[in-house]
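Everything numeric in this text was worked out from a predicted model, so none of it was measured. We're numbering straight along the sequence, starting at 1. Hydrogens, waters and symmetry mates are skipped; everything else that's a heavy atom, side chains included, is used.
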Amino acid sequence: MFTENLKIALRAITANKMRSVLTTLGVMVGVASVIAVVSLVQGLQYKISADLENVGATFIRVVPDFGVQRNPFLQKMPTLTYDDAVAVRRGATAIREFTPLFLNTAELKAGDARHDTTLIAVNGAYQEVANHWVDHGRFFTPVDEEAKKRVAVIGADIPKKLGLSDPIGKLVQINGNGFTIVGVMEKRGSSITGDPDDIVFIPFATAAAIYGRDQMKYLPLALQVRRREDIDLAKDQVREILRARHRLKKNQPDDFQITTQEELMKTISGVLLNVSLIMAAVVGIALLVGGIGIMNIMLVSVTERTREIGIRKSIGARRRDVLLQFLIEAIALSGLGGAVGVLGGYILANIARFGMKRFVDLPPVHTPFWAIFLAVSFCAFLGILFGMYPAAKASKLDPIEALRYE
C-alpha cells in the first residue's frame with residue numbers, strides 16, 4: 001500500500017513539474033542555506049582542531065589582559081616581559097620550556113625581489129614549544145642568542161616569493177637590516193589564524209637589540225608543560241608567579257590571560273556553534289514559508305482531484321487510505337525539496353569558499369552526515385506538519401458529493 005501511494009505521489013508531482021519546483025523553492029533555499037553554513041563552519045572547526053593538534057596538548061599561551069577594568073590615567077597598562085617568562089621558567093616546576101613571541105611586520109628584500117610578511121622573534125626553544133620544526137638547514141642556537149647574530153629562519157613559501165632556489169646561506173634584507181638565512185621551516189599549510197609558511201623568524205635577543213626593550217613590554221609567551229596531566233598545575237604556578245611579580249593584591253584580578261589548547265578549542269567551538277544556531281534560526285523562517293507553500297499547493301491538489309477521491313472512496317478506499325495518499329505526497333514533495341537543498345548547499349558552500357579566496361583562505365568544506373540526516377528529517381517533518389490538514393480534508397470528503405464535483 002505504501003509503495004503504491006508513493007508511486008501515485010511521484011506521478012502527481014511530476015505531472016506539474018514547474019508547480020512542484022516553485023512549491024518547494026522555500027524548502028530548497030532554507031535547507032541549502034543551513035547546509036552551506038554548517039559545511040563552512042564544520043570545515044573551519046576541523047581545520048582549527050588540526051592546527052591545535054599540530055601544536056600539541058601541552059601548549060600554554062600567556063598574554064597581557066588589556067580588557068581588565070582599569071583607569072588608564074591612574075593605573076599602568078598590564079605588561080608581560082621576557083623577564084616574566086624567565087621567572088616562570090625558573091619557578092614553575094610543571095613548565096619544561098618557553099619562548100617569547102615578538103611580532104612585527106617585515107619587508108624582505110633579496111636582490112630585486114621584495115615581499116611583505118610577518119616577523120616573529122623567538123628563542124631556540126620555539127621548535128619544541130610550538131611543535132614546528134626546521135625542514136632543512138638549522139634553527140637558532142644559544143650562540144646565536146648570546147652573540148645577537150643576524151640570522152633568520154624562513155617559512156616554506158618565502159624562497160619561492162623571493163626567487164631563491166637554495167636559500168640557505170643567502171643574505172636578505174629584513175626591514176633594512178642584513179640577515180643570513182640559516183634554515184627553512186617545514187611546510188604546514190594555511191591556518192585560520194595566519195599562514196605559518198609565510199613567516200620569517202629571528203633570534204629574540206637580536207630583535208631586542210634592533211627594536212629596543214621598550215617595544216617588548218607586551219609580549220605573548222608560549223609555554224610547554226612537561227606532561228599533559230600537569231596542565232592545571234602549570235596554570236596555577238604561572239598565575240602565582242606572575243601575580244607576585246606584578247604585585248597584584250588578593251582582591252585585584254589578573255592582568256594577564258592563561259589559555260590552554262583545550263580552552264581555546266572550546267571557546268572557538270562555542271563561537272562557531274552560536275553562529276550556526278543564529279543562522280539556523282534565520283533560515284527557519286524560510287523553511288516555515290516553504291512549509292506554508294506546501295500546504296497551500298496540497299489544498300489546491302485536493303480541490304483539483306476531488307472527483308478522483310470520490311471514485312476511490314466509491315470503490316472501497318477507506319478514509320485512512322486517502323489520508324495516507326495525500327500525506328505521502330506532501331512528505332515526498334518536501335523530501336525532494338530537502339534533497340535538492342542538501343546538494344545545493346554543498347555546492348553553495350564550495351562556491352562561497354572559492355569566491356572568498358581573495359579575501360580569506362577558507363579550509364575545505366565538510367558536510368557531516370548528521371547535518372544531512374537532520375535536514376532531510378526536518379523536511380519530512382515539514383511534510384507531515386503542513387500536509388496533515390490538506391490530507392485530513394481530502395479524507396473527509398463525501399464520495400457522492402465528490403463525484404458530483406465539476
- Task: Please determine if K187 and D157 form a salt bridge, counting it only when a charged side-chain N lies under 4.0 Å from a carboxylate O.
- Result: yes

- Message: Checking the side chain of D236 only, and the main-chain atoms of L233 only, is there a donor and an acceptor separated by less than 3.5 Å?
- Response: no

- Under 3.5 Å donor-acceptor, N350 side chain and I347 backbone: no

- Query: Does CD belonging to E240 count more than 12 external heavy atoms closer than 6.0 Å?
  - Reply: no

- Message: Show, in sequence, the C-alpha distance, side-chain angles and deciding distance for D230 and R227, and conclude whether the salt bridge (charged side-chain N to carboxylate O under 4.0 Å, His left out) test is met.
- Response: CA-CA 5 Å; D230 294 336; R227 298 181 305 167; 3.2 Å; yes

- Query: Just wondering, are more than 12 heavy atoms of other shown residues or ligands nearer than 6.0 Å to CZ in R138?
  - Reply: yes

- Query: Side-chain donor-acceptor pair under 3.5 Å between D198 and H115, yes or no?
  - Reply: yes

- Keeping the roles fixed (side chain from R213, backbone from A208), state whether a donor-acceptor pair exists under 3.5 Å. no

- Item | Separation between OG1 of T206 and NZ of K148, rounded to the nearest 0.5 Å | 8.5 Å

- Message: For the backbone of A130 and the side chain of Q224, can you confirm whether one donor and one acceptor N or O come within less than 3.5 Å of each other?
- Response: no

- Query: Are F201 and F140 close enough that their ring centres sit under 6.0 Å apart?
  - Reply: no

- Query: Under 3.5 Å, side chain of T180 to main-chain N/O of L171, donor-acceptor pair present?
  - Reply: no

- Query: Is the side chain of R89 donor-acceptor paired with the backbone N or O of L223 at a distance under 3.5 Å, no angle test?
  - Reply: no

- Flag if over 12 foreign heavy atoms under 6.0 Å of CZ, R245: yes

- Message: Walk me through whether I120 and V200 qualify under side chain to side chain contact (heavy atoms under 4.5 Å, CB included).
- Response: CA-CA 6 Å; I120 303 182; V200 58; over 6 Å; no

- Message: Working to the nearest 0.5 angstrom, can you tell me the gap between K109 NZ and L162 CG?
- Response: 12.0 Å

- Message: Side chains of W133 and D135: any donor to acceptor distance under 3.5 Å?
- Response: no

- Message: I want to check a possible cation-pi pair here: R239 against F256, using under 6.0 Å from ring centre and within 45° of the ring axis as the test.
- Response: no

- Item | Trace of the side chain to side chain contact (heavy atoms under 4.5 Å, CB included) decision for F139 with V122 | CA-CA 10 Å; F139 205 72; V122 296; 3.8 Å; yes

- Check: A330 main-chain N/O paired with S334 side-chain donor or acceptor under 3.5 Å: no

- Message: Could you go through T105 and D116, starting from their C-alpha distance and side-chain angles, then the distance that decides it, and tell me whether this counts as side chain to side chain contact (heavy atoms under 4.5 Å, CB included)?
- Response: CA-CA 7 Å; T105 57; D116 292 329; over 6 Å; no

- Task: Would you confirm whether the ring centroid of F204 sits within less than 6.0 angstrom of the ring centroid of Y82?
- Result: yes

- Item | Gap between atom CZ of R188 and atom CD1 of I199 - 0.5 Å precision | 10.0 Å

- Might you work through the side chain to side chain contact (heavy atoms under 4.5 Å, CB included) test for T367 and I372, ending with a clear yes or no? CA-CA 8 Å; T367 307; I372 298 174; 3.8 Å; yes

- Message: Given 3.5 Å as the limit, does a donor-acceptor pair link the side chain of S377 with the main chain of F373, or not?
- Response: yes

- Counting N and O atoms only, with roles assigned by atom type, does the side chain of E186 sit under 3.5 Å from a partner on the main chain of H132, one being a donor and the other an acceptor? no

- Item | Donor-acceptor under 3.5 Å (R96 side chain, R226 main chain) | yes

- Query: Should we say atom OH of Y211 is surrounded by more than 12 heavy atoms from elsewhere, each under 6.0 Å from it?
  - Reply: yes

- Message: Would you compute the distance between atom CD of Q173 and atom CZ of R114 and round it to the nearest 0.5 angstrom?
- Response: 10.5 Å

